[in-house]
Colleague: 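The structure follows.
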Amino acid sequence: QVQLVESGGGSVQAGDSLRLSCAASGRTFSGYVMAWFRQAPGKEREFVSAITWSAGNTYYAESVKGRFAISRDNAKINLQMNSLKPEDTAVYYCATDLFSLRGPAQQEYRYWGQGTQVTVSS
């Protein structure tokens, strides 16, 4: 049973940094991609970033490029978020599934964490 547990959310001021973590367990993740999505109130869930478990290839949404950095540390996926903006406010979710040729932003994910709230005030 795959389990994803997010941590590290909180309330910060614009320009501050936060580091989210996603602890993954329940299977070996070779061939999987680990992704972060976010959903703001009244908006659709959107792709933020992803990393392939084995090769460590990284992917970013245009809105976070240059500000966010995704990494893997053993069985944890980290999302370092710098220069945060009020529009980054959302619930952030960790997700995983086998890597698809559709690409991490477009593919389906079977496994999701419970989410962690990030609030950025101006």
Side-chain angles (χ1 to χ4, degrees):
Q1 179 81 4
V2 173
Q3 279 196 314
L4 302 173
V5 180
E6 301 100 333
S7 60
S11 296
V12 296
Q13 299 285 321
D16 286 350
S17 298
L18 271 178
R19 185 180 179 88
L20 304 183
S21 292
C22 174
S25 63
R27 64 160 296 127
T28 55
F29 290 97
S30 177
Y32 275 58
V33 60
M34 315 296 291
W36 286 97
F37 285 78
R38 66 187 181 187
Q39 188 165 21
K43 294 190 175 181
E44 291 190 358
R45 186 171 59 199
E46 65 173 356
F47 171 80
V48 175
S49 182
I51 185 168
T52 56
W53 187 268
S54 301
N57 297 323
T58 58
Y59 305 81
Y60 296 95
E62 284 298 321
S63 60
V64 306
K65 263 184 193 175
R67 299 188 299 122
F68 290 13
I70 192 169
S71 62
R72 183 170 75 83
D73 177 13
N74 291 325
K76 271 194 177 181
I77 302 298
N78 302 308
L79 186 68
Q80 179 67 39
M81 306 187 295
N82 300 324
S83 303
L84 282 161
K85 304 174 181 180
E87 50 264 44
D88 294 318
T89 295
V91 178
Y92 283 70
Y93 297 92
C94 180
T96 189
D97 211 324
L98 283 165
F99 181 83
S100 163
L101 291 178
R102 292 177 62 187
Q106 302 298 328
Q107 72 171 76
E108 299 291 328
Y109 290 86
R110 288 175 291 170
Y111 308 107
W112 293 84
Q114 81 286 354
T116 185
Q117 177 71 46
V118 171
T119 303
V120 185
S121 55
S122 55

Colleague: Given the rule in the side chain to side chain contact (heavy atoms under 4.5 Å, CB included) test, do Met81 and Asp88 qualify, once you have shown the distances and angles that lead to the verdict?
Modeller: CA-CA 9 Å; Met81 306 187 295; Asp88 294 318; over 6 Å; no

Colleague: If you measure from OG on Ser25 to CG on Leu4, what distance do you get to the nearest 0.5 Å?
Modeller: 7.5 Å

Colleague: Measuring from atom OH of Tyr60 to atom CG of Leu79, what distance do you get when rounded to the nearest 0.5 angstrom?
Modeller: 7.5 Å

Colleague: To the closest 0.5 Å, what do you measure between NZ (Lys85) and OG (Ser122)?
Modeller: 13.5 Å

Colleague: Using only heavy-atom distances, determine whether the side chains of Gln80 and Asn82 contain a donor-acceptor pair under 3.5 Å.
Modeller: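 Yes - a donor-acceptor pair under 3.5 Å links their side chains.
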
Colleague: Is Ile70 close to Ile77 at the side-chain level, that is, under 4.5 Å between some pair of heavy atoms?
Modeller: yes

Colleague: Could you walk me through whether Thr89 and Arg38 pass the side chain to side chain contact (heavy atoms under 4.5 Å, CB included) check?
Modeller: CA-CA 9 Å; Thr89 295; Arg38 66 187 181 187; over 6 Å; no

Colleague: Any idea which heavy atoms bring Ala50 and Pro104 closest together, and the distance?
Modeller: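 Reported closest heavy-atom pair: CB-CB, 3.5 Å.
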
Colleague: Mind listing the closest non-hydrogen atom pair of Gln117 and Ala90 along with its distance?
Modeller: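 Nearest pair, atom of Gln117 first, then Ala90: NE2-O, 3.5 Å.
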
Colleague: Stepwise, does the side chain to side chain contact (heavy atoms under 4.5 Å, CB included) test hold for Trp53 with Thr96?
Modeller: CA-CA 10 Å; Trp53 187 268; Thr96 189; over 6 Å; no

Colleague: If you define the side chain from C-beta out and look only at heavy atoms, does anything of Gln107 sit under 4.5 Å from Val33?
Modeller: yes

Colleague: Treating Ser83 as the side-chain partner and Arg67 as the backbone partner, does any N or O pair qualify as donor plus acceptor under 3.5 Å?
Modeller: no

Colleague: Could you check whether any side-chain heavy atom of Leu98 comes within less than 4.5 Å of a side-chain heavy atom of Arg110, counting everything from C-beta outward?
Modeller: yes

Colleague: Is there a path from Val91 to Val64 through hydrophobic residues (I, L, V, M, F, W, Y) whose side chains come within less than 4.5 Å of each other?
Modeller: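 The answer is no; the residues belong to distinct hydrophobic clusters.
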
Colleague: To check you understand the geometry: which heavy-atom pair defines the closest contact between Gly31 and Ser54, and what is its length?
Modeller: N-OG, 3.5 Å

Colleague: Evaluate the side chain to side chain contact (heavy atoms under 4.5 Å, CB included) criterion for residues Phe29 and Arg72: first the C-alpha distance (whole Å), next the side-chain angles of each, then the deciding distance (0.1 Å), finally the verdict.
Modeller: CA-CA 12 Å; Phe29 290 97; Arg72 183 170 75 83; over 6 Å; no

Colleague: Return the minimal non-hydrogen interatomic distance between Glu6 and Cys94, and the atom names on each side.
Modeller: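 Heavy atoms of Glu6 and Cys94 come nearest at OE2-N, 2.8 Å.
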
Colleague: Kindly work out whether a path of hydrophobic side-chain contacts (I/L/V/M/F/W/Y, heavy atoms less than 4.5 Å apart) joins Tyr32 to Phe99.
Modeller: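 No, no single cluster joins them.
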
Colleague: CD of Gln3: more than 12 outside heavy atoms within 6.0 angstrom?
Modeller: no

Colleague: In terms of hydrophobic clusters joined by side-chain contacts under 4.5 Å, are Trp36 and Val12 together?
Modeller: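 Same hydrophobic cluster.
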
Colleague: Heavy-atom distance under 4.5 Å between the side chains of Asp97 and Glu108, does that happen here?
Modeller: no

Colleague: Which of these passes side-chain contact (heavy atoms from CB on, under 4.5 Å) with Leu20: Asn78, Val48, Val118?
Modeller: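 One option only clears the test, and that one is Val118.
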
Colleague: Going from CE on Met34 to OG on Ser49, what distance comes out if it is rounded to the nearest 0.5 angstrom?
Modeller: 12.0 Å

Colleague: So among Tyr93, Tyr109, Phe68, Phe37, which one has a ring-ring contact (aromatic ring centres under 6.0 Å, His included) with Phe47?
Modeller: Phe37

